[in-house]
There are 2 protein chains.
Amino acid sequence: MKSTIPDIGVPIAPPATNGGDREAASLHGEILLRLRDYVVEGNIPDGARVPERQLCEMFGISRTPLREALKVLAAEGLIELLPNRGARIRQLSQRDLEELFDVMAGLESLAGRLACEAITDEEIAAIEQLHYEMYGHYLHRDMHGYFQANQRIHESIVAAARNETLKTAYTSFAGRIRRVRYSANFARKRQRWAEAMREHEAILDALRRRAGSELSDILFQHLRNKRTAAIEHLTEPQEDAPASP
Amino acid sequence: MKSTIPDIGVPIAPPATNGGDREAASLHGEILLRLRDYVVEGNIPDGARVPERQLCEMFGISRTPLREALKVLAAEGLIELLPNRGARIRQLSQRDLEELFDVMAGLESLAGRLACEAITDEEIAAIEQLHYEMYGHYLHRDMHGYFQANQRIHESIVAAARNETLKTAYTSFAGRIRRVRYSANFARKRQRWAEAMREHEAILDALRRRAGSELSDILFQHLRNKRTAAIEHLTEPQEDAPASP
DNA sequence: ATGACAAAAAATGAATGCAAAATAAGCACT
DNA sequence: AGTGCTTATTTTGCATTCATTTTTTGTCAT
């Protein structure tokens, strides 16, 4: 019986650029970074089988370091390792996505709370800057610009929490849902978009007042609403966002 | 130059009991489970070097599956892999601990919020049961019993959140601080102990009312206070808890 | 004795080899 | 032609081997 799950094409990884060589002293370390990026960026279709042999040829290495990297990616939840049957890109069920969104919401909520304890006026000013930039994109119905500014605001809050452990976890979970995250934002209906802007006003306000507990609540609810939009988007066909106001 | 960091003794892992054989189809999988447990349980001193050769002999396997397990444990933050210099039990700085406690606080805070959405009356009743049990241990100054009941209450809340992703993350982070967690509880001064009991009253109350946002706040603050106690314990010598009332 | 240097021993990182399992191919049969 | 079985090929899991790097040990000089 032929599996309906597609296999990947031939060259999956960029040659050997090693973009900004981050922390790759060892071979398995570099492979880990490259393979993780490639998977997170969604270059391999969901559920696709990723045979060791093929990957080895792609990266030009032997199976040992590759297998080590695969084990780590599996532990991170990006791929699945079926006994004696190789690696597959992990396919997230709707429930998985709901859970991931909620955990992300919890982490950002925590980040907001912690940020209020440590954030500087300068950092708040920078976030205000991003906020108004984002508002501009909103007015111009520039989804891409809006999305990027939005992303940077949330990252700034996480950074202001001054907690590397939190940041690492946040990044890891974000990687898992990265594919849908983008489309989730695009899926926003105008109504929801306006709502999101209002929520961001409240976020900024609470942050200015360093109201940790309040900000925590607002952020959770904000992410919760995002989750709802994303799930709806994946379930039913969504209304297209207009290209211009 | 001889390192001051101690090496581990000889036999580190239980023969091959495979307690309740959880998910070990493959050899590296079983090694991963056994080694993780052993490390989490604190059987190897902090910062101790864990040479591959020795571990291989202990488990009676070759280096390949062991190295795969080590990579995963390193990704989980339990050990460190120094390039060309082997594996060590990761030594947590005070800052690391603070960060970990805060992340745990965030996760439990999230768990409380989610639990309020889904928890059944029966589950609440079970937690009440544990609560009174814990109160009994408190009255009898039974630290060990108190600690266990306390642990189970927090686990019950996480379970009631109905989020496997959250639960997995929670368990993983809990593993990292497990050594200190125990002594942190023992380190409680009587004043703090009474305070913790009052906080637990509030937790139960909010849970009964399904007041998610409120419970989220209380849980965060509760864990924050725990963190303070734990850090103090590690910094300065602590007052001993009396053995009997 | 103490310190520096050099050689030996051991440990790590990665590649290769081999047995078992899974997948695919071939073939008879209805 | 389609289905069920047998055989061949591929793939995976683990052990073993090889090349470097690190660590230890031993020797000599100060």
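Protein chains get the first letters and strands the later ones, always in sequence-line order, with residue 1 at the start of each. All values derive from a computational prediction rather than experimental measurement.
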(request) Kindly compute the distance separating CD1 (Ile79(B)) from CG (Leu35(B)), expressed to the nearest 0.5 Å. (result) 7.0 Å
At a cut-off of 3.5 Å, list every protein nitrogen or oxygen paired with a nitrogen or oxygen from nucleotides 14-17 of chain D, distance to 0.1 Å.
{"from": "dC14(D)", "atom 1": "OP1", "to": "Leu27(B)", "atom 2": "N", "distance (Å)": "2.4"}
{"from": "dC14(D)", "atom 1": "OP2", "to": "His28(B)", "atom 2": "ND1", "distance (Å)": "3.1"}
{"from": "dA15(D)", "atom 1": "OP2", "to": "Ser62(B)", "atom 2": "N", "distance (Å)": "2.9"}
{"from": "dA15(D)", "atom 1": "OP2", "to": "Ser62(B)", "atom 2": "OG", "distance (Å)": "2.4"}
{"from": "dA15(D)", "atom 1": "O5'", "to": "Ser62(B)", "atom 2": "OG", "distance (Å)": "3.3"}
{"from": "dA15(D)", "atom 1": "N7", "to": "Thr64(B)", "atom 2": "OG1", "distance (Å)": "2.8"}
{"from": "dT16(D)", "atom 1": "O4", "to": "Thr64(B)", "atom 2": "OG1", "distance (Å)": "3.4"}

(message) Looking at Arg224(A) and Asp102(A), is any side-chain nitrogen of the basic one under 4.0 Å from a carboxylate oxygen of the acidic one?
(response) yes
(request) Would you indicate which nucleotide in dG13(D), dA11(C), dT23(C) comes nearest to any side-chain atom of Arg53(B)? (result) dA11(C)
(message) With a 4.0 Å limit, can you tell me whether Arg85(B) has a side-chain N or O closer than that to the phosphate oxygens OP1/OP2 of dT12(C)?
(response) no
(request) Would you mind reading off the distance between Leu66(A) atom CG and dG13(C) atom P, rounded to a whole angstrom? (result) 17 Å
(message) Distance alone, cut at 3.5 Å: any donor-acceptor contact between the side chains of Asp96(A) and Ser93(A)?
(response) yes
(message) Please report the distance, rounded to the nearest Å, between CD in Glu52(B) and C1' in dA14(C).
(response) 11 Å
Collect all protein-nucleotide pairs involving nucleotides 7-10 of chain D in which both atoms are nitrogen or oxygen and the distance is under 3.5 Å.
none

(request) State whether the side chain of Glu68(A) and the backbone N or O of Arg67(B) hold a donor-acceptor pair below 3.5 Å, judged by distance alone. (result) no
(message) Without decimals, in angstroms, what is the distance between Leu70(B) CG and dA11(C) P?
(response) 15 Å
(message) Using a strict threshold of under 4.0 Å (side-chain N to carboxylate O), is an ion pair present between Arg176(A) and Glu99(A)?
(response) no
(request) Output yes when Glu155(B) and Arg152(B) qualify as a salt bridge under the 4.0 Å nitrogen-oxygen rule, no when they do not. (result) no
(request) Please report, rounded to the nearest Å, how far the C1' atom of dG13(D) is from the CG atom of Leu82(A). (result) 14 Å
(request) Using a strict 4.0 Å threshold on nitrogen-to-oxygen distance, state whether Arg90(A) and Glu76(A) make a salt bridge. (result) no
(message) Closest-nucleotide mapping onto DNA chain C: is Pro83(B) or Pro83(A) further toward the 5' terminus? I mean the 5' end.
(response) Pro83(B)
(request) Grab the CG-P distance between Asn84(A) and dT12(D) for me, whole Å please. (result) 10 Å
(message) Within 45 degrees of the ring normal and closer than 6.0 Å to the centroid, is that where the cationic atom of Arg34(B) sits relative to Phe59(B)?
(response) no
(request) Identify whether the distance between the nearest side-chain nitrogen and carboxylate oxygen of Arg63(A) and Glu52(A) falls below 4.0 Å. (result) yes
(request) Rounded to the nearest angstrom, tell me the gap between atom CD in Glu57(A) and atom P in dT16(C). (result) 13 Å
